Novice: 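One structure coming up, written as C-alpha cells, with questions to follow.
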Amino acid sequence: MPVRIGGLASGMDIDGIVSDLMKAERTRTDKVTQEKTLLEWTRKAYTDVNKLFAEFILKTRESFGLTDSSSGFLVNQSVRGLKWIRRATVGDAGVADVSARAGAANGANELTVTQLAANWSAASSDGISAAGQSRASLASQFGLTDEDVVHLAISTGAGTKEQKVQITIENGMASVTKTSYGTGEGGEDSVISLLSGKDISELSLKELASQINRADIGVTASYEESIDRLFLQTNQTGAENTVSFSDESVLHDETGQPILDENGNAVSFLSKLKLKYDTMGTDAQGRPIQTPVDVLPGTYAGRDAVFDFGAARGITRPSNQFTVNDIDFDLKAVGRTTVQVDTDEDAVMEKITEFQSSYNELIDKIDSLLREEEYRDYPPLTTEQKSGMAEKEIELWEDKAKSGLLRNDSLVGQVMQKARLGLYEKVKGLDGSFDQLTEIGITTERYAAGTMGGRLEIDESKLREAIRKDPDSIVDLLFHQPDPGVADETEKRQDTGLVGRMYGDMISGMKDIIVKAGPGEDAKLYRNVNSTMLLDFVTKHSSISMLDESISDYEEKVYRMGLRLADKEESYWKKFTAMETALDKMNSQSNWLMQQLGMKSGN
C-alpha cells in the first residue's frame, strides 16, 4: 500500500476530506446494493409463499389419507381406500375387529369364522439333552463323536422362492450353509456359508439356532436352556407357508455301530430334538381338539383362515388380517357375529371442516401478504447505517423495509385466483347427485372491501343432508379422477375432483414461482408434494431462477463499482499527497530563505 501523508504540511484533515468525498461516491454503490438486497428479500418472500402452498397440500392430503402420484393427481386406489367415509361395527368384538374403506357398501352381513390362520410351529416334547450331560455344546448335549455324521436340511417355500438351510457335521466339525434356489446370476442357485468348520465341542444348540435364524428363510428357531427345549416355527401364517425337513444323519453308539430304531432304520438327528406339532381334529362329539404328532422328515404347512361372509361360503385367507369388499378384517377367534357398515356422517363432516379451516388459514396468510403495507421510506440499511444503530433498531427498521414486498403481486394472486375459481367450476363426468360445491352446502363468504375474498363457509345442515343422501357422490365430487385416456389438459382438469383440481392448480402455480425465485432450501419439501415439481426448473432453466439472474447481475455491478471506488479513492489520495509534498517543499524553501535573510541582517 502506498504511503499516505495526512495533512502534515497543510494542517488539513485529509483523511476526513477523502472520507467525505468517498461517501458521496459510495451513494450510487449503496443504492445498487440496496436494490440487490430488495431482490434477495423478494426471492425469500416468494419461497415462503411456496412453502405455505406445499405445507397446505401435504397437511390436507395427510388429513384426508390420500396418496399422490408423480403427476400430481390423486391415486384412484388411494381414494377408494379412505377410511373415514364408512364406519364398520361388529356385534362380537371377540370374533373380529373390522373397519371400512370408502368403497364398502352400507348394510349388514353375517361373519362366521370356522378356522383362524396360524403358522406352523413345533417344540420339544421333553428334555433333549443326554442324561447327566452338559448343555454347553452339541458334543456333550447329544453325545456326538467324530464318527457321527449329521446332514439335516430345513427348507421353506417352493419353486424359485425355495430356500434351504443345511446343517452338516462331519469329523467333529460343523458347518451351516444357506441356499436360495434360482436367485443367482443366470438363474443359478445362490449358496452362502454361515458357519464353517467349527468344533462341535465349542458349538452350542443355542448358537446353532441363531445360525438358522441368521439364514432368514422364514423360520425362527430358539433353544431355552432352562427347560431344555427347542422351539421351531414358520414366520408367516397360511397353508402356502411350508417348511420341509430332510435328515440323512448317521449316529453311532459306544461301540461305533450305527444306531437303529425298532424298524431297522438309522436314528436321525431330527429325532434327537423330540419335536412335536399339533394337528387339528375333532372328538367323538365333534368338538375341535389338538393332537401332538412327531416331526419327521417331510413337509408341513401353516393353516389358512376359513370363514363365511354373507352368502359367500368357505372363503380362505393365508392371514387373519385381510380385506373383503373394502372391509378390513382382523380375525380374533372362531365364532359367529354380524358386521354392519354405515356412512360415518360425523367423520365426513370433520374431514371437510378440517379442510375448510386449513384452506381459510391459507387464504388469510396470502391475503395478508398481498395487502401488506409498503414503506418506501424504509430502504434496506447500508453497512455504515447499521454500525450506528442498536440491534433492536435494525430489526424494527428491516421489518418495515421488508413489508409489502409481494403487495398486489400478480404471480401469487393468479395462483390463488385459479385455485378459488376451480372450486366453483363443475366437475364433469360424474354420475352422482352432486357436481358442484354449492350443492353440498359449501360457499364463499361475501366479498369485503380491502380483502381478496374466497374464504369457505359451510352450511352444516345442508352438508349433513347431502352426506346422508349420497356420500359416494360427495367423495366423487371431491376426489374424482379423469379417465386415463384423456390427454387434453383442459379436459383432464374439468374431469378432476375439486380437491385434486385445487392441488393441481397450486402445483402449477408453485412451478411458476420456482421459475421466478427458485426452490430456496425447500427442494425436498416440494418433491414430497410432487416428485416432478423441480423437473422443468432443472432441465429447462438449469436450476437458475429469474431473480437469481438479476441478483447475479447486481452482484457483478456492485463488484465493478467497488473497483471504480477503489481507483477513485486512490486518485484522491494521490492528488492530496502531491499537494502535501508541494507544500512541504515550499515550506522548506521558505524556511531556508528566512534563515538566509536573518544571517545577512545580523552581519
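Start at 1 with the first residue, then count along the sequence. What you are looking at is a predicted structure, and each value in this text was computed from that prediction instead of being measured.
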Novice: State, yes or no, whether a side-chain contact exists between Thr443 and Asp459 at a heavy-atom distance under 4.5 Å.
Specialist: no
Novice: Among side-chain atoms of Asn530 and Tyr503, is any donor-acceptor pair under 3.5 angstrom?
Specialist: no
Novice: Determine whether more than 12 heavy atoms belonging to other residues, nucleotides or ligands lie under 6.0 Å from atom CZ of Arg407.
Specialist: yes
Novice: Looking at Glu425, I want to see if its CD is surrounded by more than 12 non-hydrogen atoms of other residues, nucleotides or ligands under 6.0 Å.
Specialist: yes
Novice: Check this for me: does any side-chain nitrogen of one of Asp308 and Arg313 sit under 4.0 Å from a carboxylate oxygen of the other?
Specialist: yes
Novice: Does some side-chain heavy atom of Val529 sit less than 4.5 Å from a side-chain heavy atom of Leu58?
Specialist: yes
Novice: With a 4.5 Å limit on heavy-atom distance, are the side chains of His541 and Val515 in contact?
Specialist: yes
Novice: Can you tell me how the ring of Tyr375 sits relative to the ring of Tyr378, calling it parallel under 30°, perpendicular over 60° and tilted otherwise?
Specialist: perpendicular
Novice: Salt bridge check, Asp48 against Lys44: does any charged N sit closer than 4.0 Å to a carboxylate O?
Specialist: yes
Novice: Is the number of heavy atoms from other residues, nucleotides or ligands within 6.0 Å of CD (Glu556) greater than 12?
Specialist: yes
Novice: Give me the ring orientation class for Phe355 and Phe56: parallel if the planes are under 30° apart, tilted from 30 to 60°, perpendicular past 60°.
Specialist: tilted
Novice: For the residue pair Thr237 / Asn119, report whether a side-chain donor-acceptor contact shorter than 3.5 Å exists.
Specialist: no
Novice: Can you tell me if Asn109 has over 12 outside heavy atoms packed within less than 6.0 Å of its CG?
Specialist: yes
Novice: Under the criterion salt bridge (Lys or Arg N to Asp or Glu O under 4.0 Å), which of Lys351, Arg468, Arg87, Arg86 is the partner of Glu345?
Specialist: Arg468
Novice: Hey, are the side chains of Tyr554 and Glu35 touching, using non-hydrogen atoms and a 4.5 Å cut-off?
Specialist: yes
Novice: If you count every heavy atom of other residues, nucleotides or ligands that lies below 6.0 Å from Glu373 atom CD, does the total exceed 12?
Specialist: yes
Novice: Could you walk me through whether Asn235 and Thr220 pass the side-chain hydrogen bond (donor to acceptor under 3.5 Å, both in side chains) test, one step at a time?
Specialist: CA-CA 7 Å; Asn235 297 340; Thr220 297; 2.6 Å; yes
Novice: For the residue pair Asp189 and Ser180, confirm or rule out a side-chain donor-acceptor distance under 3.5 Å.
Specialist: no
Novice: Using side-chain heavy atoms (C-beta onward) and a distance below 4.5 Å, is Arg303 in contact with Trp120?
Specialist: no
Novice: Strictly by modelled atom types, are Thr323 and Asp328 linked by a side-chain donor-acceptor pair under 3.5 Å?
Specialist: yes
Novice: For Asp431, look at atom CG and say whether over 12 heavy atoms of other residues, nucleotides or ligands are found less than 6.0 Å away.
Specialist: no
Novice: Between Lys178 and Ile212, is there a side-chain heavy-atom distance shorter than 4.5 Å?
Specialist: no
Novice: For Arg317 and Val324, work out which heavy atoms get closest and say how close.
Specialist: NH2-CG2, 4.1 Å
Novice: Is it true that Asp342 and Gln340 share a donor-acceptor pair across their side chains at a distance under 3.5 Å?
Specialist: yes
Novice: Testing Gln414, Arg420, Arg493 one by one against Asp505 for a side-chain hydrogen bond (donor to acceptor under 3.5 Å, both in side chains), which residue passes?
Specialist: Arg493
Novice: Could you tell me if Asp470 and Ser433 have a donor-acceptor pair between their side chains, going purely by distance under 3.5 Å?
Specialist: yes
Novice: Does any non-hydrogen side-chain atom of Tyr424 lie less than 4.5 Å from one of Thr438?
Specialist: yes
Novice: Do Asp548 and Arg43 meet the salt-bridge criterion of a basic N to acidic O distance under 4.0 Å?
Specialist: yes
Novice: Taking the inter-plane angle between the rings of Tyr277 and Tyr300 on a 0 to 90° scale, is it parallel (under 30°), tilted (30 to 60°) or perpendicular (over 60°)?
Specialist: perpendicular
Novice: Does any part of the side chain of Leu331, heavy atoms only, come nearer than 4.5 Å to the side chain of Leu111, both counted from C-beta?
Specialist: yes
Novice: Please confirm whether the ring centroid of Tyr526 lies under 6.0 Å from the ring centroid of Phe537.
Specialist: no
Novice: When you check the side-chain N and O atoms of Thr299 and Ser244, is any donor under 3.5 Å from an acceptor?
Specialist: yes
